[in-house]
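Structure record follows, encoded as C-alpha cells.
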Amino acid sequence: MKLFIDTADIDEIRTIARWGVLDGVTTNPSLFAKTSGMTYDEVLTEICKITSGPVSAEVVAEDVEGMLREGRHFAKLADNIYVKVPMSETGLEALARFRAEGIKTNCTLIFSANQGLLAAKAGANLLSPFVGRLDDINQDGMIVIRELVSIVEIHELESEVLAASIRHPLHVTQAALAGAHIATVPFKVFQQMVHHPLTEAGIAQFRRDWEKARAALEQAAAERAVAGAAGSRAGS
Ligand code: G3P
C-alpha cells in the first residue's frame with residue numbers, strides 16, 4: 001500500500017520523505033490556503049523536487065474548458081503532477097479529455113461507489129473517496145473504500161483507490177485491510193501512527209537498564225582496580 005501525505009506544507013513533506021515512507025502528495029485549495037508566502041505553482045514545483053511520486057494539484061474551475069486550462073498548466077510544472085478534478089458532470093468530461101491528452105488525474109470528492117465507477121470509466125488514474133467526511137454525517141466511509149476496491153478488482157479497472165479524508169490512525173489500518181491502493185494521510189496522523197505508549201515506555205526502560213548495567217560494570221572495574229592496587233602494595 002502506498003502512503004501519500006495530505007498537505008501543502010513543505011516542511012511536513014520533507015519530514016515524511018526523510019522517514020523513508022513517502023510515496024506521493026495530495027494538495028487541495030484548503031490545504032494550500034494554510035501555507036503562506038508562495039504561489040500554488042511555487043508550492044507544487046517545490047513539492048515535486050522532494051518526491052518523484054504522484055503530486056495532486058486541484059483545479060478550481062467548474063467548467064470543462066476552465067478545468068482543462070488549469071490542468072494543462074499544472075501538468076507542465078512537473079512530470080509527476082496529477083490533476084485533481086472534482087466529481088461532477090463537467091469533471092467527468094474533463095477527466096476523459098485529460099486521458100486523451102495523456103495527463104494523469106485524480107478524481108476527488110467521491111462519496112459513493114457509483115461515483116468512483118464513473119470516474120474510473122472516464123479515465124481517472126486515482127479515485128479519491130472521502131472517508132472522514134462520510135463518517136462526519138454518520139455514514140461509514142470505509143464501506144465506499146471496500147466497495148470501490150472490489151469493483152476495481154472484479155472488473156480489472158486500471159484506476160487505483162486512494163483513501164482520502166483520513167482523520168486518525170484507525171482509518172489507515174482499515175483502508176489497508178480494505179485493500180485501498182493508497183491512503184493520503186495528514187502529518188499529524190503519520191505522527192500518531194509512529195507513537196505507542198508501550199513503545200515509549202519500552203525505550204525508557206531499556207535506557208534505564210542500560211545505564212544501570214553500565215554503572216555496575218564501571219563499579220566492578222573500579223573495585224578491581226582498588227583491589228589490584230592494594231595487592232601490589234602488600235606484595236612489595
Ligand atoms: O485531500 C482531501 C482530503 O483528504 C480532505 O480531508 O479532512 O478535509 O475531509 P478532510
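Below, all heavy atoms of this structure are taken into account, side chains as well, without hydrogens, waters or symmetry copies. In listed order, ligands and their atoms are each counted from 1. Keep in mind that what you see is a predicted model, and the values were worked out from it rather than measured.
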Only distances under 3.5 Å count here; give the side-chain donor-acceptor pairs of residues 85-93 to other protein atoms, sequence neighbours excluded, each with its distance to 0.1 Å.
from: Ser88; atom 1: OG; to: Thr90; atom 2: OG1; distance (Å): 3.1
from: Ser88; atom 1: OG; to: Gly91; atom 2: N; distance (Å): 2.8
from: Thr90; atom 1: OG1; to: Glu62; atom 2: O; distance (Å): 2.9

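- Judged by distance alone, with hydrogens and angles left aside, the side-chain atoms of Ser165 form a donor-acceptor pair with the main-chain N or O of Gly132 at under 3.5 Å.
- In terms of heavy atoms, Ala113 sits closest to Leu148 at O-CD1, 3.6 Å.
- Minimum heavy-atom separation, Tyr82 to Leu126: CD2-CD1, 3.7 Å.
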List the steps and the verdict of side chain to side chain contact (heavy atoms under 4.5 Å, CB included) for His168 and Lys188. CA-CA 9 Å; His168 48 69; Lys188 185 175 144 248; over 6 Å; no

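- For the side chain to side chain contact (heavy atoms under 4.5 Å, CB included) with Thr27, the lone residue among Thr35, Ile47, Thr7 that qualifies is Ile47.
- A distance limit of 4.0 angstrom between heavy atoms and ligand 1 selects the residues Asp6, Asn28, Lys84, Phe130, Arg133, Ala164, Ser165, Arg167.
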